[in-house]
Amino acid sequence: MSAVPSVPDPGPVAPARERDGALRERARRVIPGGMFGHMNAASLPASYPQFFESAQGCRLRDVDGHEVVDFMCAYGPMIVGYRNAEVDEAAVRQARLGDLMTGPTERMVELAERLVGLLPHADWTLFQKNGTDATTLCVTIARAATGRRKVLVARGAYHGAAPWCTPYPAGVTAEDRANLLHHAPGDLEDLRRVADTVRGDLAAVVVSAFRHDLGRDQQMPDPAFARGARALCDETGARLILDDVRAGFRLDLRGSWEPLGVRPDLSAWSKAIANGYPLAFVAGADHLREAARSVYATGSFWCGGVAMAAALATLRVLEREDGPARMARAGQRLRDGLAEQARTHGVGLRQSGPPQMPLLLFDGDTAFERGMLFCEVALRHGAYLHPRHNMFLSLAHRDEDIDAALAATGAAMAAVAARFGRS
Ligand SMILES: Cc1ncc(COP(=O)(O)O)c(C=O)c1O
C-alpha cells in the first residue's frame, strides 16, 4: 500500500487537449519555445490549456471547448468583463470611423481630459501601448527633468520587460543596469541608505502600488513607507514614480496610493485602462510638463483611436458601477469561501493582497506542489486559478460565478488535504 493516499475525485476526467496539443506542436516549430513571456503555460499545471478560443464575461473557453471561470482576467487587462457590450460598442463605433490614422483622434484629448479630471496627482497624460512603455517613459522624463541618472526600485519588484528593469538576465548587459539600484522592499531605512550612496545623482524612486512579487505573500504598502518615500524625493529632488500598471483601477480609480494620501510626481498605467484593448499611459504633475514635452516619446501604434474609445467606455462603466468596491466584494466572497474550505480540510492556506487581486499560497509549499495540485483539480472542476501569480477579479465576477468557482476549489482543497495531509 502506498504511504501517499491517492487523490479523491480529481474531477471529471482530465480535459481532452487534442487541439491545444496540436497547436503547441505547430507553435514549437515557428515560435521559439512554443510560447513566450508571462502567458507561457509551461510553468502551469500540465493539464492547463495554452490556447483559447473565446471569452465572455468572466468565462473562458479553450480551443478544445472547455469552459472555466477565469481568475486571471488576461493577467489584469480584462476588468469589466470579456466582450463587455458598452466597451465593445464604443470600440466598434471608433473602428468604423478609423483607428490608426496619420494623427490622433478627438478621443485622445477626451481621454486625457478625463484622466486629468480623475487622478488628483495628474495635470497631463501621454499615451503608449504597454506597461513597459509607460514605466520606461516615466524614468526617462524623471531623468530629463533632473539631469540625473540613478533609479531606485524595490528588490524583486516587477516594472517591465525592458533591459533596464527585466528580472531575467538573458541578453542584458551590465551597462543596461548601471543606473539601477535596489532597496529592501518596504524598508524605509534601507531606501534612505541606498539613496544616500548616490546623493545628487538620484533621478527617481519607482514604487509599486503594493508588493505583488511572483510566488511571495503580497503586502499592502505601509503608509509610513509611502510618506517616507515621498519625503525622501522632496528632500533630494528625485521624482517619485508610482507603477500602477498592475493594480490601476482595481484598488482606487484615483490611483492606488491616493487612499494613503501620498501623491507621486509621475505614474505609469496600462493593463485595465481599456478592458483589453491595447493602451498604456503616463500621468504627471504640472512641474514635469516641460520635461515630458522635451522627451521624444512615440510609437507607431500609440495614437490609435479604438483603444482610447474603449478606455473612455471602461472608465464610464467602472465609475458608474463603483468598480473597485464591487470587485473587492466579489474577491472577499471568494476569500471567505476559500478560508472556510481550508479550515474544514485542515489545510494551511495563506491569502494575501487586496481581495480584488488575491494570491493563494499553501503553508510549507516551497516547490508549489500543493498549489499546482490545487489549481489542476480546480481547473477540472471549472475554475482557472494561478499557483504563484496574483489573480484578478472583475465586474463580471458575480456571486453565482464565485460560488461555481468555490464548488471547484472545494474539490481541489480536498485533493490537497488527501495528498499532503492536514497542516
Ligand atoms: C507592476 C507592473 N509594471 C509593469 C509591467 C509591464 O507591463 P507590460 O507587460 O504591459 O509591458 C507589468 C506587467 O505585468 C506590471 O505588473
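Order of listing sets the numbers, starting from 1, for every ligand and every atom in it. Scope of the values below: all heavy atoms of this structure, side chains included, with no hydrogens, waters or symmetry mates.
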Quick check on R216: does its CZ atom have over 12 non-hydrogen neighbours (other residues, nucleotides or ligands) under 6.0 Å away?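 Open: at most 12 neighbouring heavy atoms sit under 6.0 Å from CZ of R216.
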Looking at non-hydrogen atoms alone, which of G248, G131, A247, S270 comes nearest to atom 10 (O) of ligand 1?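 Shortest heavy-atom distance from atom 10 (O) of ligand 1: G131.
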With distance as the sole criterion, is a donor-acceptor pair present between the side chains of [X] and [Y] under 3.5 Å?
X    : Y    : value
D243 : H159 : yes
S267 : W269 : yes
D244 : S256 : yes

Quick one, D213 and Q219 - any side-chain contact, counting heavy atoms below 4.5 Å?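 Side-chain contact under 4.5 Å: no.
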Pair F392 and Y75, ring centroids less than 6.0 Å apart: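 Judged by ring-centre distance (under 6.0 Å), F392 and Y75 do not meet the cut-off.
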Would a distance-only check, ignoring hydrogens and angles, find a side-chain to backbone donor-acceptor pair under 3.5 Å from D365 to E369?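 Here the side-chain-to-backbone pair exists.
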In the protein, which heavy atom is nearest to [atom], and how far is it?
atom                    : result
atom 5 (C) of ligand 1  : V245 CG1, 3.7 Å
atom 16 (O) of ligand 1 : R246 NE, 2.8 Å
atom 9 (O) of ligand 1  : T132 OG1, 4.4 Å

Using a 4.0 Å cutoff against the non-hydrogen atoms of G160, which atoms of ligand 1 qualify?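 Close to G160: 4 (C), 6 (C).
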I need the atoms of ligand 1 closer than 4.0 Å to a non-hydrogen atom of H159, numbered in the order shown. 3 (N), 4 (C)
Any H38 heavy atom less than 4.0 Å from ligand 1: no
Within less than 4.0 angstrom of ligand 1, does K129 place any heavy atom?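 K129: no contact with ligand 1 (<4.0 Å).
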Taking heavy atoms and a distance under 4.0 Å, where does Y75 meet ligand 1: side chain, backbone, both or neither? neither
So for D243 against ligand 1, with non-hydrogen atoms under 4.0 Å, the contacting part is side chain
For the 3.5 Å polar cut-off, considering only N or O atoms, please tell me whether H212 and ligand 1 meet it. no
Angle class for the F52/Y384 ring planes (parallel below 30°, perpendicular above 60°, tilted otherwise)?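 Ring orientation of F52 relative to Y384: perpendicular.
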